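One-based numbering, in listed order, for ligands and for the atoms of each. Only this structure's heavy atoms are used, side chains among them; waters, hydrogens and symmetry mates stay out. This is a predicted model, so every value here is computed, not measured.
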Amino acid sequence: MPDKEAKIVFTPSGHRGRFPHGTQLLAAARSLGVDVDSVCGGRGLCGRCQVTCAEGEFAKHAIVSSAGNLSPAGEAERHYGERRKPLAAGRRLSCQAEIRGDLVIDVPPESQMHRQVVRKSAEYRDITLDTSIHLYYVEVQEASLDAPSGDLERLRQALAREWQLDELDADPSVLTRLQHALRDGGWKVTVAVHKQSRIIAVWAGFRRDAYGFAIDIGSTTIAAHLCNLTTGEVVATGGIMNPQIRFGEDLMSRVSYVMMHPEGCGELTDAVRAGLNGLIADIAADAGVERDDILEATIAGNPIMHHLFLGLSPVELGGAPFALTTDAALDLQARDLDLGINTGGVVYVLPCIAGHVGADAAAMILSEEPHLLDAISLVVDVGTNAEIVLGNRERLLACSSPTGPAFEGAQISCGQRAAPGAIERVRIDAESLEARFSVIGSELWSDEPDFADSIAGFGVTGICGSGIIEAVAEMYLAGLIDEDGVVDGSLAERSSRLIPDGRTWSFVLHDGCPAISVTQNDVRQIQLAKAALYAGVKLLMDRAGLHQVDRIRLAGAFGSHIDTKYAMVLGLIPDCDLDNVKSAGNAAGTGARIALLNRAARAEIETVVREIEKIETATEAKFQDYFVDAMAIPNKRDPFTCLFSAIQRPARKSVSGTRNASRRRRRKRVS
Ligand code: FES
């Protein structure tokens, strides 16, 4: 009865219309602008177009909807179930079902082309899926003497006819594969199209999935998320130590290496690319994904990592005016960067903010979105060079501050990287001055009965960045150090954990082999690092005319592991309601992932970055004053009212007054 019409409502979008009986459901959806996915062009191969028919009376729409108002499942749907997996109860392929009566049709999230990729944890934000790469399955007219055009031209015609994709370019790698793909696939191929304008890959037959990597190149670690570009899911994640570490632990020593060795830049570039390719290969193998199926990568990294990965000399970034080769976002070919993905693959490099605030900070902004909020946000990537962003939707400022490697456990007497056996949590009883701790690799505290068994494989080996932060903060709260950071040797009478150490005192956390202590110099190193960070924050607050911030996010491998309360007790970050201070996890990696999955986010961050006010801490006269004030715990001048309304402030005392007495006691003890 082709002249009969049916009323159709699509949920959740609410699109509605009238269609003649016999209309294909997918065609009806498309004509109304309903967001339904498809890779196979309605051939019943991809399963992306699944919908559910709602049953019952819908008074609001004046519709009685029933699955019986759709054509019965046919051969193609049965075939799909046999080839892949049977359709769930009530599900239909909208490209196969025909309208036979009134319907309310639900388009589930996984069938929507621009679906939300739903947050699974703090690191996984909701992202609207809108990738720069799409797959298209096409049937190409066979080559014949009667139609003497080239294979590429006939592929283009098919894409224009079936998918309305006109005037597509083709990557040279596609040309080398096209003839095989067409003949192997029986003239049926799947192509990947970048930005609706360029064919970058071709495969024989039908391909359902394409993949991409979101990569954060840090000076210490490289982290990568493998994402399915057609579903938005993270299918695997991994990380490695940055192999450039053998050329220098911190950024400046790597720049120095390049300055002193003519071939140094190439060596560092080769090292990071080789490390990254090994990581890509391992993650892909774990996930069962072929290199050829990986079509895109997005890259975030600090300016020096950014330059070295791209093969650019970082020498100019080693000193004022910290000139970047380019601060723009870059669209590059994967093969030009020796990246081990599909040879036609593409790479998007996020923009840098300034010569010392990089693409990792740009990615961090995408992840934390301070530019979309009314509230004043402070977002800090706490690393050897802290990158700091402050502001809200009206104004954003950024700077970096040279915190040095103390937060990563370097320059600390028993310091080590975060690894099994490293002390990461510390508690000190203010009355007894007894300490307990936990180490990475065990859930137990050191005073719990099974602790020794739980660490049998690795023991207590040192103290990592988050551990030293907690140790120093707890020492301050217990009165073991004063606000100037001086270890109070006069308390040695009350605690055997305080031991003389030259002209100063150390506090023993673990009396084993090796013994783990916090020395006076360790406390100083943490004070220097946190004072540099805080001084940078104060400069930004000054420039913005702010006296307080509404929310704080700590990002980066270290920032996301420190207890935010202890960070504030030490005065690493300004006073703020503790409930509004949170870890942002690997925000740079999350931002790279957002850029991978959502094209609009790229344009957004490119605009935001252009408008950020950049502050150069090295040339600001006030930096030194703020730094000196911030050497105190938590700060010489700033009162930290919110913090001390939530926790007990230790009684103020000056250890220097008791120093002479403690020196006498120490001499006695040593003799
Ligand atoms: Fe591919 Fe329906 S569009 S199965």
Side-chain angles (χ1 to χ4, degrees), residues 6 8 10-13 15 17 19 21-54 67 69-100 103-115 129-131 133-140 155 158-165 181 185-193 196 199 201-211 228-233 293 295:
I8 315 290
F10 288 93
T11 62
S13 65
H15 287 90
F19 294 91
H21 285 201
T23 306
Q24 183 206 61
L25 202 48
L26 180 63
R30 288 267 162 86
S31 73
L32 292 172
V34 179
D35 183 24
V36 184
D37 202 358
S38 164
V39 173
C40 71
R43 293 179 173 85
L45 297 175
C46 67
R48 294 248 188 262
C49 64
Q50 293 183 36
V51 295
T52 307
C53 173
N69 290 345
L70 284 168
S71 59
E75 195 58 27
E77 279 165 291
R78 273 195 294 281
H79 223 93
Y80 175 82
E82 285 159 17
R83 264 188 316 105
R84 293 190 56 81
K85 61 177 182 188
L87 291 167
R91 285 287 176 92
R92 298 293 306 272
L93 296 180
S94 63
C95 66
Q96 302 301 317
E98 286 177 8
I99 296 166
R100 300 264 169 95
L103 292 159
V104 173
I105 297 292
D106 182 51
V107 183
E110 61 272 24
S111 298
Q112 295 166 16
M113 205 184 315
H114 299 98
R115 57 190 158 274
L129 192 62
D130 182 17
T131 53
I133 290 172
H134 288 100
L135 298 183
Y136 298 96
Y137 175 76
V138 279
E139 295 182 6
V140 179
L155 171 65
L159 286 163
R161 186 175 62 244
E162 292 192 26
W163 294 99
Q164 292 74 54
L165 292 165
W187 303 95
K188 299 179 181 107
V189 291
T190 304
V191 297
V193 176
Q196 306 285 299
I199 306 167
V202 59
W203 301 270
F206 175 67
R207 282 274 160 148
R208 184 183 150 94
D209 294 306
Y211 296 86
N228 184 322
L229 295 179
T230 40
T231 65
E233 287 167 313
D293 293 339
L295 296 170

Using side chain to side chain contact (heavy atoms under 4.5 Å, CB included) as the criterion, point out the one residue from Val189, Leu135, Val191 that pairs with Trp203.
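Running side chain to side chain contact (heavy atoms under 4.5 Å, CB included) over Val189, Leu135, Val191 with Trp203 returns exactly one hit, Leu135.
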Heavy-atom side-chain contact between Phe206 and Lys188 under 4.5 Å
no
Electrostatic pair Asp293:Arg208 at N-O distance under 4.0 angstrom
no
Distance-minimising heavy-atom pair for Cys95 and Gly42
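Smallest heavy-atom distance, with atoms named: CB-CA, 3.5 Å.
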Using a 3.5 Å distance criterion without hydrogens, assess whether the side chain of Glu77 forms a donor-acceptor pair with backbone atoms of Leu93.
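Confirmed, Glu77 side chain pairs with Leu93 backbone.
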Under 2.8 Å from atom 2 (Fe) of ligand 1, how many protein N/O/S atoms do you get? Just the number, please.
2
Between Thr11 and Asp106, is there a side-chain donor-acceptor contact under 3.5 Å, judged purely by atom types and distance?
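Indeed, the side chains of Asp106 and Thr11 share at least one donor-acceptor pair under 3.5 Å.
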